[in-house]
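The structure appears below as structure tokens.
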Number of protein chains: 2
Amino acid sequence: MAQKTSAKEAVLDAFERVVIDRGERAATLEAVAVEAGVSKGGLLYHFGAKKDLVEGLVSRLTGLAAADLENLTAAPDGIVSRFIRSSVVIGTPFDTTYIAMTRLAQSGLYPEANASLAGVEQGWRALIEEAVGDPAVARLVLLVGDGLYYNAALFPFDKLPTPAAELDDVIAAIEDLARSRTAG
Amino acid sequence: MAQKTSAKEAVLDAFERVVIDRGERAATLEAVAVEAGVSKGGLLYHFGAKKDLVEGLVSRLTGLAAADLENLTAAPDGIVSRFIRSSVVIGTPFDTTYIAMTRLAQSGLYPEANASLAGVEQGWRALIEEAVGDPAVARLVLLVGDGLYYNAALFPFDKLPTPAAELDDVIAAIEDLARSRTAG
DNA sequence: GTCTATACATGGATAGAC
DNA sequence: GTCTATCCATGTATAGAC
């Protein structure tokens, strides 16, 4: 019974992989079906139309984003550090679904995808603005997070302009800033 | 004679508009031709294949990026401010071509588009790293710029998480940081 | 230099067998 | 629940008239 939805989940996994590895346009029903190990007809039994595939991914992101927010809330002190580190794409389920969603959003075909991303961004903003006293610093933190996702969406992992290893200094700098402004 | 290439330029302009307004997938030869006010056949006289359109846009971005770098170099002092302000998408020719290129890059169909963006990013990095003493601050500045483009690529102008008007404080904060680190 | 007509391939989706 | 076969629409590209 716990596996009742596993076929659908497996198709969604395949959808994500194809979108990320080969782009939205390559994610045809045929390609996703092959990746999932089923036929086109088999896929269409679970998802009656392509837009249903996208909606399935939106639901998935909504759930993962809620968990992500809870995770951040659990670290009220080091929230800046945790947020920025969690913005580095390392292949977590959230990362994967999120990056796939940015691809779908940029295709211009699925307004729900854009709305979904706006919702995630808004959740982050509310949390960061509350945790960080200074509004300018909060905006800066959010922009850095967005910048990290942007890089992950455009460049291969091994060619990132800012490798994860070099991020400690950036985080330290922002925390310096936050301190000096709160203390000021 | 100065207008010898204007037909091609007009088609490229149309290509950019369709890619930005309706997405890469909507930018079919037919749609671009209509937007440019010519027939499909007429378009294909100038650009023999779709990849030629992309290559035309890559050339255009290369030229605009060189001008952008010169513009930044002309402000050795306020380079951080100028870079971040120039990363706000307000519809300049560079903005337009750059955002269109990010769409093409994410489609996964045109490796030249990704390479082109990597080149632009690299140009910025070299300049900022040299102008800003602290490497961590330099990376931070670049990430903020990327974050601004990311937002412009995903959200409509009137729904940006960080409106241009609220950017002054962010810039001031970064300049604070740069000063305190250089002085330290 | 720009057009129409057309060939060809591919993608989304339906129908119906198993 | 999954498959094959098929229909229809659309996109790229070519050929050739004007």
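Computation of the quantities below employed the complete heavy-atom set of this structure, encompassing side-chain atoms and omitting hydrogens, waters and symmetry-equivalent molecules. Predicted, not measured: the structure shown is a model, and the values here were computed from it. The sequence lines fix the lettering, A, B, ..., with proteins before strands; numbering per chain opens at 1.
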- [ ] Give the B/S/- string for nucleotides 11-18 of chain C, one per nucleotide from 5' to 3', where a protein heavy atom under 4.0 Å of the base yields B, of only the sugar-phosphate yields S, and otherwise -.
- [x] SBBB----

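One N or O on the side chain of B:Arg82 and one on the backbone of B:Asn71 form a donor-acceptor pair closer than 3.5 Å.
Cation-pi contact between A:Lys51 and A:Tyr110: absent, since separation from the ring centre below 6.0 Å together with deviation from the ring axis within 45° is not met.
A close approach under 4.0 Å does occur between a side-chain nitrogen or oxygen of B:Tyr45 and OP1 or OP2 of C:dG1.
Between A:Tyr149 and B:Tyr150, a ring centre-to-centre spacing not shorter than 6.0 Å is recorded.
For the pairing with A:Leu148, the side-chain contact (heavy atoms from CB on, under 4.5 Å) check across A:Leu160, A:Val89, A:Leu143, A:Ile84 returns one residue only, A:Ile84.
Residues B:Arg103 and B:Ser107 bring no donor and acceptor atom of their side chains to less than 3.5 Å of each other.
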